[in-house]
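Letters A, B, ... mirror the listed sequences (proteins, then strands); counts begin at 1.
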Number of protein chains: 2
Amino acid sequence: METTVETTRERLLNVAEQRFGEGGYEGTSLRAITVAAAANIAAVNYHFGSKEALLRAAVARAMAPVNTERRRRLDQLEAGAPPTPEALIRAFVEPGLELVLRRGERGALIARFIGRIAFDPSRRIRELYAVESEPIESRYLAALQQALPKASPDAVAFGYMNMLGLLALHQSQALSPTPGAAGPEDPSKLAENLVTFLVAAFDHGLSS
Amino acid sequence: METTVETTRERLLNVAEQRFGEGGYEGTSLRAITVAAAANIAAVNYHFGSKEALLRAAVARAMAPVNTERRRRLDQLEAGAPPTPEALIRAFVEPGLELVLRRGERGALIARFIGRIAFDPSRRIRELYAVESEPIESRYLAALQQALPKASPDAVAFGYMNMLGLLALHQSQALSPTPGAAGPEDPSKLAENLVTFLVAAFDHGLSS
DNA sequence: GCATAGTTCAAACGGTCGTTTGAACTGGAG
DNA sequence: CTCCAGTTCAAACGACCGTTTGAACTATGC
């Protein structure tokens, strides 16, 4: 296996992913990142322009493959017969967990990063995540509405938000050191459990 | 209506609740809090000892009535026939939403604060929340296991974590200025919708 | 070899952070 | 009135923050 040399830019993105995911944006200093990346502090502003621009680049890079896979699955579903709620839920959840949990520690790191950014206390940071997944959102909402004709638009939006929240929750808990008594699930089964949970809730719990 | 005078200590706790809930712990400075509370910066260390101790006191004060109500409901449920999953879910979710969403803007503020602390990026902050709800947690898990005898302990823990996560999600979105296209639910119906969603997921989605 | 664009570097910038200090004020007890 | 514990205050502490600077280094094209 031949490992190509990492550029300073790549090292900064990698470390940013790790540190922002474990301390949040406000809780992580550029100095902590640049030291861990063996880079000079000024390198951040040279390559990205600012701390927030570094985060923005890291979010975009981390979410790109997830969104690509989601788009691919949506295209595929729209080509065939009207999809079931389960198919749609899988198309959303699995790219967020599988693509990322199957890449070992590195993938779990990315998952944690994405999950934490989506729930960051600061609205400005949360919007960095929202902007990345916004183009997909309307497609999902429309497809979900079609798959659940009995549910009101509000109910569909409510279910979608819950799906998004639970996915981010379990993403953010990737890499967690088995937090005490909390359920240590087999990571390979996590996606399956979450899908089962959400399908049940969508099929029987969106009456309103 | 006679309003009693607020002590500096109370004003600090009130403002801390508001600011920590809208900027997170790291994103909120003591100076921002003391200015808004019309207090001197040194007052924080005089009354609480440190920034983190102020947060700890605010968390404890905000969660006390919620935990009290949860304990009361658990006691009541344990006195009668074995409770259904729905009864247990209500006993957990409703105190977190009703007690707090029915108190107008002030209550929504507290809800947002609790929800954000529970999901803070920093583990040390998250544990401040965990410590507060820890004593109740084992009682809920045991009662849930009894109400869902077919579910494995891992599945019960998984469901509990999802319930906790979704509650915190909707708490943290209290006071949100109707975030764009996101579903603006009738706040009075929120608890009912969330319970319905969770009951369906618990009853049909915890097979593993 | 020389010029040039791209990149890295140590050092410093002004500003804000949480915390501490010691004096000033407050109001009731003796 | 005196005293004293409780509380507030302006000011400063050292540390760290994100950002900027200008020089030094690197490598490629001529």
With a cut-off of 3.5 Å and sequence neighbours excluded, list every side-chain donor-acceptor pair involving residues 97-110 of chain B.
residue, atom, partner, partner atom, Å
B/R103, NE, B/L99, O, 3.3
B/R106, NH1, B/E17, OE1, 3.0
B/R106, NH2, B/N14, OD1, 2.9
B/R106, NH2, B/E17, OE1, 2.8

Donor-acceptor pairs are to be reported for all side-chain atoms of residues 34-50 of chain A against protein atoms at under 3.5 Å, with residues two or more places apart or in another chain.
residue, atom, partner, partner atom, Å
A/T34, OG1, A/L30, O, 3.0
A/T34, OG1, A/R31, O, 3.1
A/N40, OD1, A/A42, N, 2.9
A/S50, OG, A/A53, N, 3.1

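Dashed line: the shortest gap from a side-chain N or O of A/S29 to OP1 or OP2 of D/dC16 is not under 4.0 Å.
With sequence neighbours excluded, no residue forms a salt bridge (charged side-chain N to carboxylate O under 4.0 Å, His left out) with A/R11. Qualifying side chain to side chain donor-acceptor pair (under 3.5 Å) partners for A/Q76, counting only residues two or more places apart in sequence or in other chains: A/R72. By the salt bridge (charged side-chain N to carboxylate O under 4.0 Å, His left out) test, A/R9 is found to be paired with no residue, residues two or more places apart in sequence or in another chain being considered. By the salt bridge (charged side-chain N to carboxylate O under 4.0 Å, His left out) test, A/E78 pairs with A/R139, sequence neighbours left out. Taking A/R56 as the reference, A/E52 meet the salt bridge (charged side-chain N to carboxylate O under 4.0 Å, His left out) condition, with sequence neighbours excluded. Taking the ring pair (Phe, Tyr, Trp, His ring centres under 6.0 Å) definition, one finds that A/F119 meets it with B/F119, sequence neighbours left out.
The side chain to side chain donor-acceptor pair (under 3.5 Å) contacts involving residues 107-118 of chain B comprise nothing, where partners must be two or more places apart or lie in separate chains.
Among the candidates A/Q171, A/M163, A/H170, A/E192, the single residue satisfying the side-chain contact (heavy atoms from CB on, under 4.5 Å) test with A/V93 is A/M163.
Of the residues in residues 32-55 of chain A, those placing a heavy atom less than 4.0 Å from an atom of DNA chain D are A/I41, A/A42, A/N45, A/S50, A/K51, in numerical order.
Within 4.0 Å (heavy atoms only), A/T7 reaches no atom of the nucleic acid at all.
Nucleotides of DNA chain C with any atom under 4.0 Å from a heavy atom of chain B span, from 5' to 3', C/dC17 to C/dT21.
For B/E6 and D/dT7, the CD to P distance is 16 Å, given to the nearest whole Å.
Annotation: the terminal axes of the helix from C/dG1-D/dC30 to C/dG30-D/dC1 meet at 20°, where each axis is the rotation carrying the C1' atoms of four end pairs onto the next four (5 pairs per end, rounded to 10°).
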